[in-house]
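Worksheet: one structure, shown below.
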Amino acid sequence: AANKYEQRQSDPRGNSYGEYRNMKQDKLDQQLSSAKQSELFKDLLIMLNGRLEPSASYLRQLIGQHGGQVVFQYTSGVTHMICQNLSASKFNIFSKRKIPIMYPKWVLMCVEQQKLIDTNDFIIQEIAEKLDIQQQTQISPIFQISQLNQSQFLEQQKQTEEEKQVLQLIESTQTTALVSSVLQPLNISQLSQLSPLSGTSPQAFYNVNRQVPQPQENTVQRYHESSRLHQLTQFKLNAQEFLIKNPPYGPKPTDTARPLFIHIDIDCFFCQASFLKLPTSKQQQLHGYPLAVSSNIKNASNSTADISSCNYTARRLGVHNGMWVSQAVQKCPNLQLLEYDFDFYNKLSLQFYDILRQFSSDIMPISCDEAYLKLSGIYTQQEDIKIIKQKIYSQLQLSTTIGLGENLIQARIATKLAKPNGFMFLNKEVFQQVIKDKQVDFLPQIGFKITEELKNMNIFTVEDLQNADIKLLRENFGEVKGQNLLNEANGVDFLLFQPIQNLLKQKSLQVSKNFNVRISQISVFKQLVFELLQELNQRSTDRQLKLNKLSITVNVAAANNKQFMKKMGCGVCNQVRSTIFIHKKCDQCVEELVDSVVNKIKMEDVRGVDVMGFVGEVKNIVQSKELGQNAQKKVEFWEKLQQQSQNTAEKQEIISCDDYFDALQQIDDQDVANALRKVFSAQCLCRGNLEEAFKLGIDGVEDMFEDKWRWL
DNA sequence: CTAGTGTGGTAGC
DNA sequence: GATCGCTACCACACTAG
C-alpha cells in the first residue's frame, strides 16, 4: 500500500503531486464545462463539507455540469452548504450567515426536477434540532434553588412540573437521536422512486462517479472526521461550551465543614452508545457478548486498528482500550465489533451534562462523559445521589458509575473501583484499606513512564509509594510531581476543584496529523502544513482566540521506527520543533513555518506534523520581544488603558479590538510617542462607543491623548 | 535571579 | 489497502541577560 501511495506522489505527469493534481483538476473542469447540461446552479457557490454520499467529487461534477461552482473550504460568497454531519459550532456559523445547509440529496433532486428546490425542505434536521434543544433549555424554567429549602429541592427532583417538562424535552430529543438514521440522505434507489420523471438515470451518474478520482483536498479535515481522539477532545470542548452557555442551576454548595464531591463517569461510553444505535433485534442478539468499538475492519485478525472502548464482558476476557483489534480477537475470539457514531456520542454527551446541570451549580467537566460535582449539604442520603444515576439511565439509557468522597481523589478512586454501573463512597479510612495493595498505575496521573521510573525505585504498589522517601521522589520527579505522587497515594488531593464558571481562557491550541503521513515531495509537505494551519485558523476564529505565536512539530522516523508500528502509524519518532512569531492570519504563515524546519528533516522520514498556536493575550503581545526595547513603556500604557476602562463594559471590547492590536504591532521603536498616539487614536476612533471621542472631536481626542500622556 | 523557550508526560474512549 | 496514534495543559530543565 505504501508503495502505491508513493508512486502516486511522484507521478511522472507533473513535477509534484500538487501540480499533477492541479493539471488533473483543470482537465476535469474542461471536461465538465464541455459537458455542461444546464444553468441550473448558475451563480451559486456551493460548499461541500466532509464525507458525502454520493461522493464529493461526484457532486462537484454534477454541480459543474449544471453551471454551479464548488468549494471545499468556507470562503465569502458561499451560497449553499452541503454536508451530512456538521459540528454545532460550524452549524452556528452557517446559520448565523443564513447559509442554507443541505443534504447531498438536495443537489440530486434539483437536478432531477431541473429546478432549485426550496432549501427549507432540506436544512439538516438533526443539527437544527440539536440547536433547538439548546435554545429551549436556555428559556426553560430554571429552578430557583437558592430560595428553596433542602427538602423542597429533593421533593422537586421527584415531582415537579418543570421536571416533567425537562423529561419530555430530553425524551423527545432522544427519540430523534434513536431514529436519526431515518434522516440520512436517501439512497439512489429511493431517489429514483421519488423522481420517476427523470431523464437521466441516477444510476448512470453513480457509475460515472466511480471513475472520477477522489479529490485530495481536506485531507486533514477528512482525517479528523474519523479520528476518535480528535473527536474526544472536541466533545470535551463542546461540553465546556455547553455548560458556559447553559450554566448549571442545581443547588449551590454551601461552605460546610465537610464538603462532598462526586465523580461521575459513563461506563464504557462509546461502547454503550454504539450499542444503543443498533437495531433492537441486533441488540438482543448481542446481549451478553463481549463488545468493542473500533473502525469497521474486514480482517480483524490482522488489524492494527485500536479498540477504543469495550464492555466489561470483553474486559473480563482480557480486552482493554487501546489494544489492537488483532490482539483483542486473539484473546477473545467472540469479540463483536461495533461501529463509531461520533455525532451520536456528542449529542449524548451534551444531554449528559444537561442532566448534571440540575444537581449542582458547581460542575467540573473532565471529559465528554466524566465530571466532578461539588455537592451541597442537602444530599444526606446515598439514595439522593443515586437519583442522578437513575435519571441518566431513564433518559439516556446509559449506565454510569458514581464515586462519592470527601475530596476529588477519593471520589475518583471510588468510581474506578465501583465500575461498571456502580456506586461507592470512600472516606479516608476506607480509601486506605482499598488502595494499599493496588499497583501504582491504578492511581490517576501515573502513566507508563512514571510506572517505569517507580519500578526502578523498587516501588510497585500504592503502599510502597506511601512509604517512599519524599526526598527521593522529589529528586526523581521534581518538587511538585514528587509531592503529588505521595499525596495521591495517601488520598490527598493535588487536583484543585475548578467549577466551570472558573474556566480560564484557553492558552493554546494545536492541530495534528500523525497517521498515514508518507511524504516524498516538499510540495506535499507544504500542502499538509497549509491544511493544518487552515484548520488552526478556523478553530481559533471560531473560539475568538488571537494567536501571536506558532509552533511546528515534525515527527521524523527514528532508527527503530518500525518497532511496534501500526501499519499506517507514525511508529517511533524523533521530534523536530520550531517556533515563530506571527503578525498575520496563521494560514498565511506556511512558508515561514516550513522554512523553519525544512533543513532539519528528510521528507521521506516525515511521519507526522503538528502545528500549535499560542493565544496572545494583549498583555502578552505587548510584552513579547517583538515589540522591542520600549516594551516596558508600552506595557505601562496598556495597563493604564485597562484601568481607565476598568468599570466600563468596554474593557472586554478593548481587549479584542483588532485595530488596537494591529496598531500595537506597528509600534515604531524610534518614536514611541508617535506610535502610542497612533494607538490611542485608533483606539478612540475605531470604536464609536467611546463617547468622549465623538463629543470632543479630533482635537479633543488629541487633548485627551495629551492628558493620558503625562504619566509616561 | 528572572523571563522566556524547549521538552516530556498524562488524560479521555 | 488501511481503518483514522488528538489535544490541552502542566511542570520543569535549560538559556540568555
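The sequence lines fix the lettering, A, B, ..., with proteins before strands; numbering per chain opens at 1. Predicted model only: the values in this text are computed from it and were never measured.
Ionic pairing of A/Lys566 and A/Asp306 is present here: one or more N-O contacts between side-chain nitrogen and carboxylate oxygen are shorter than 4.0 angstrom.
The interatomic distance linking A/Asn299 (CG) with C/dA2 (P) rounds to 7 Å, in whole Å. At whole-Å resolution of the value, CZ in A/Phe235 and C1' in B/dG12 are 11 Å apart. To the nearest angstrom, C1' of C/dA8 lies 14 Å from NE2 of A/His230.
For A/Thr233, the side-chain atoms get nearest to B/dG12 when compared with the rest of C/dA8, B/dG12, C/dG5. Side-chain atoms of A/Asp369 lie closest to B/dC13 of the nucleotides C/dC12, B/dC13, C/dG5.
Of all the heavy atoms in A/Arg518 and A/Met568, the pair that sits closest is NH2-C, 3.9 Å. Looking at every heavy atom in both residues, A/Met424 comes nearest to A/Ala418 through CB-CB, 3.8 Å. Between A/Leu335 and A/Ala314 the shortest heavy-atom distance is CD1-CB, 3.8 Å.
For the OP1/OP2 pair of C/dA8 and a distance below 4.0 Å, the side-chain nitrogens and oxygens of A/Arg543 include at least one atom meeting the criterion. Here A/Ser227 does not reach the OP1 or OP2 of C/dC6: none of its side-chain N or O atoms lies under 4.0 Å away.
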- Given pairs defined as Watson-Crick or G-U wobble with both distances under 3.5 Å, what dot-bracket annotation applies to DNA chain C, with ( ) intrastrand, [ ] crossing, | other strand and . unpaired? .....||||||||||||

Atom pairs under 3.5 Å, N or O on each side, protein against nucleotides 9-11 of chain B: can you list them with distances?
unit_1: B/dT10; atom_1: OP1; unit_2: A/Gly447; atom_2: N; d: 3.1
unit_1: B/dT10; atom_1: OP1; unit_2: A/Ile450; atom_2: N; d: 3.1
unit_1: B/dT10; atom_1: OP2; unit_2: A/Lys449; atom_2: N; d: 3.4
unit_1: B/dA11; atom_1: OP1; unit_2: A/Gln445; atom_2: N; d: 2.8

At a cut-off of 3.5 Å, list every protein nitrogen or oxygen paired with a nitrogen or oxygen from nucleotides 14-17 of chain C, distance to 0.1 Å.
none

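Counting heavy atoms from C-beta outward, A/Val615 and A/Lys546 have side chains that stay 4.5 Å or more apart. Counting heavy atoms from C-beta outward, A/Lys419 and A/Asp265 have side chains that approach closer than 4.5 Å.
Take A/Arg315 and apply the salt bridge (Lys or Arg N to Asp or Glu O under 4.0 Å) test, not counting sequence neighbours, and it matches no residue. Here A/Thr233 pairs with nothing under the side-chain hydrogen bond (donor to acceptor under 3.5 Å, both in side chains) rule; sequence neighbours left out. Taking A/Asp362 as the reference, A/Lys252 meet the salt bridge (Lys or Arg N to Asp or Glu O under 4.0 Å) condition, with sequence neighbours excluded.
Contacts of A/Ser309 with the nucleic acid, taken as non-hydrogen atoms under 4.0 Å apart, involve only primed sugar atoms and P, OP1 or OP2.
Under a 3.5 Å cut-off, the side chain of A/Asp469 and the backbone N or O of A/Lys471 do form a donor-acceptor pair. Checked by atom type and distance alone, the side chain of A/Asn537 never pairs as donor or acceptor with a backbone atom of A/Leu533 at under 3.5 Å.
Remark: the separation of the P atoms in B/dG12 and C/dT3 is 25 Å, to the nearest Å.
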